Q: 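Below: one structure in structure tokens.
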Amino acid sequence: MPELPEVETIVRDVDRLARGATIQSVDVLRPDLIVGATADAFRRCVEGRTIRRVTRRAKNIVIDLGADRLVVNLGMTGRLLVTDAGAPLPSHLGVRFGLTDRRLLLYQDVRRFGRLQCIPVGEWEERDRALGFEPLLDEFTPGALHDLARRSRVAVKTWLMDQRRVVGVGNIYASEALFRAAIDPRRPANSLSFAESERLHRAVREVLTEAIEFRGTTLLDYRDASGQEGGFSRRLRVYDRAGDACRACGHPIERIVQGGRSTFYCVRCQR
DNA sequence: AACGCGCCCTGTCCGC
DNA sequence: TGCGGACAGGGCGCGT
């Protein structure tokens with residue numbers, strides 16, 4: 001479900017709404033969501049701690065609890081919600097955190113592909129190092145993208161989604177960025193010229209930045225921390241538009257399957 | 001080492 | 001109305 005813009009929106013919401021709150025109780029309703037520890041160990045790690053700050057790394061929500069980090073990955077259908085005391089509980093509730101002032105931080109997940117863990121800072125930093133470039137930071141340059149792409153023969157669309165190189169781009173924004181860069185998603189990553197790498201670099205940044213401004217894309221499940229839908233759905237140029245007219249040239253948008261995932265593109269505009 | 005595939009799980013939609 | 005199959009914002013572990 002959530003790619004960089006959706007996770008970033010949730011992170012900003014939760015930081016604004018819950019920073020400074022203490023987690024007074026932890027109820028794990030779906031233990032399979034907790035990885036690397038028992039539900040009980042997870043509860044002991046989190047309970048009584050204060051939320052110092054909420055940040056994002058790749059598609060992970062990272063909650064600073066002091067010596068430990070509460071790391072949340074939403075998978076496909078995960079939601080992190082801050083609700084007021086007395087609000088009705090959502091279905092498919094996975095973990096309920098009781099905050100000071102009787103508000104709740106809720107993890108909800110229909111498919112349960114998401115996961116939560118509470119780990120020491122050092123362990124988190126180790127995982128952090130294995131992740132690729134943050135596309136919106138200065139470290140991500142056209143040259144860096146081109147150098148990495150030259151080493152891989154996989155289709156550039158599949159390549160973009162691999163979190164070991166560039167993070168945060170998932171199935172929606174990979175298609176959208178390649179459309180904006182006018183690059184055929186089937187091209188091997190190592191076939192991109194430097195000029196094309198520059199175009200792709202700019203397109204990735206542009207589409208992610210615009211999507212954050214519109215608070216993400218809701219296809220079905222995505223909601224921000226207050227339960228609201230994202231506004232970027234109407235601005236998608238190719239994703240989920242198979243058969244519809246390309247907004248640039250009028251040619252019908254194609255849907256193909258790459259690595260088991262749908263790719264949408266314009267055969268006329270993207271070469 | 002890099003790559004492709006199957007799998008985790010539930011819900012929805014579409015065709016017959 | 002019911003049923004089977006395809007598909008859905010992700011990521012991991014396996015075999016080659």
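All values reported here derive from a predicted model rather than from experimental measurement. In the text below, chain A, chain B and the rest are named by the order of the sequence lines, each starting its count at 1.
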Q: Answer whether the closest heavy-atom distance between the side chains of A:R12 and A:I212 falls below 4.5 Å.
A: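 Yes, close enough: below the 4.5 Å cut-off.
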Q: Would you say A:T22's side chain and A:T100's backbone share a donor-acceptor pair under 3.5 angstrom?
A: no
Q: With heavy atoms under 4.0 Å as the rule, sort A:D109 into base, sugar-phosphate or nothing.
A: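 It contacts nothing in the nucleic acid.
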Q: Atom CG of A:L131 and atom C1' of C:dG11: how far apart are they, to the nearest Å?
A: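 Distance check: A:L131 CG to C:dG11 C1' gives 11 Å.
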Q: What does A:R255 touch in the nucleic acid at a heavy-atom separation under 4.0 angstrom: a base, only the sugar-phosphate, or nothing?
A: sugar-phosphate
Q: With P as the reference atom in both, quote the distance from B:dC9 to C:dC3 in angstrom, rounded to an integer.
A: 23 Å
Q: Rounded to the nearest angstrom, tell me the gap between atom CD in A:Q108 and atom C1' in B:dC9.
A: 15 Å
Q: Can you tell me if the gamma sulfurs of A:C118 and A:C45 sit closer than 2.5 Å?
A: yes
Q: Looking at the side chain of A:S152, which of B:dC9, B:dC3, C:dC7 is the nearest nucleotide?
A: B:dC3
Q: Think A:H92 has a side-chain N or O under 4.0 angstrom from the OP1 or OP2 of B:dG11?
A: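 Result: yes.
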Q: Can you check whether A:E8 reaches A:L208 side chain to side chain, under 4.5 Å on heavy atoms?
A: no
Q: Roughly how many Å is it from CG in A:L4 to P in C:dG11, rounded to a whole number?
A: 11 Å
Q: Rounded to whole angstrom units, what separation is found between the CZ atom of A:R261 and the P atom of C:dA8?
A: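 It is 8 Å, rounded to the nearest whole Å.
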Q: Verify the contact: side-chain N or O of A:R111 to OP1 or OP2 of C:dA8, cut-off strictly under 4.0 Å; return yes or no.
A: no
Q: Checking A:S175 against A:T263: is there a side-chain donor and acceptor pair closer than 3.5 Å?
A: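 No pair is found: no donor N or O on one side chain lies under 3.5 Å from an acceptor on the other.
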Q: Please work out if A:G260 contacts a base, only the sugar-phosphate, or nothing of the nucleic acid, heavy-atom cut-off 4.0 Å.
A: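 Nothing, no nucleic acid heavy atom in range.
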Q: What's the closest nucleotide to the A:R112 side chain, out of B:dT10, C:dG11, C:dC7?
A: B:dT10
Q: Start at the 5' end of DNA chain B and walk down; is the nucleotide closest to A:V110 or to A:R165 reached first?
A: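 So the residue in question is A:R165.
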Q: Just need the stems in DNA chain C: three or more back-to-back Watson-Crick or G-U pairs, each with both distances under 3.5 angstrom, sorted by first number.
A: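 Consecutive-pair runs (3 or more) involving DNA chain C: B:2-8 with C:10-16, B:10-16 with C:2-8.
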Q: If you compare all heavy atoms of A:A177 against all heavy atoms of A:V204, which two are closest, and at what distance to 0.1 Å?
A: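 Shortest heavy-atom contact: CB-CG2, 3.8 Å.
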Q: Between A:L219 (CG) and B:dG11 (P), how many Å, whole number?
A: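 My rounded result for the distance is 19 Å.
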Q: Closest heavy-atom contact between A:V169 and A:K59?
A: O-NZ, 3.7 Å
Q: Counting any heavy atom closer than 4.0 Å, what does A:R115 reach on the DNA or RNA strands: base, sugar-phosphate only, or nothing?
A: sugar-phosphate
Q: Between C:dA8 and A:S262, is there an OP1 or OP2 to side-chain N/O distance shorter than 4.0 Å?
A: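 It does, given that an N or O in the side chain of A:S262 lies less than 4.0 Å from OP1 or OP2 of C:dA8.
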Q: Just call it for A:R127: base, sugar-phosphate, or nothing, with non-hydrogen atoms closer than 4.0 Å on any strand.
A: nothing
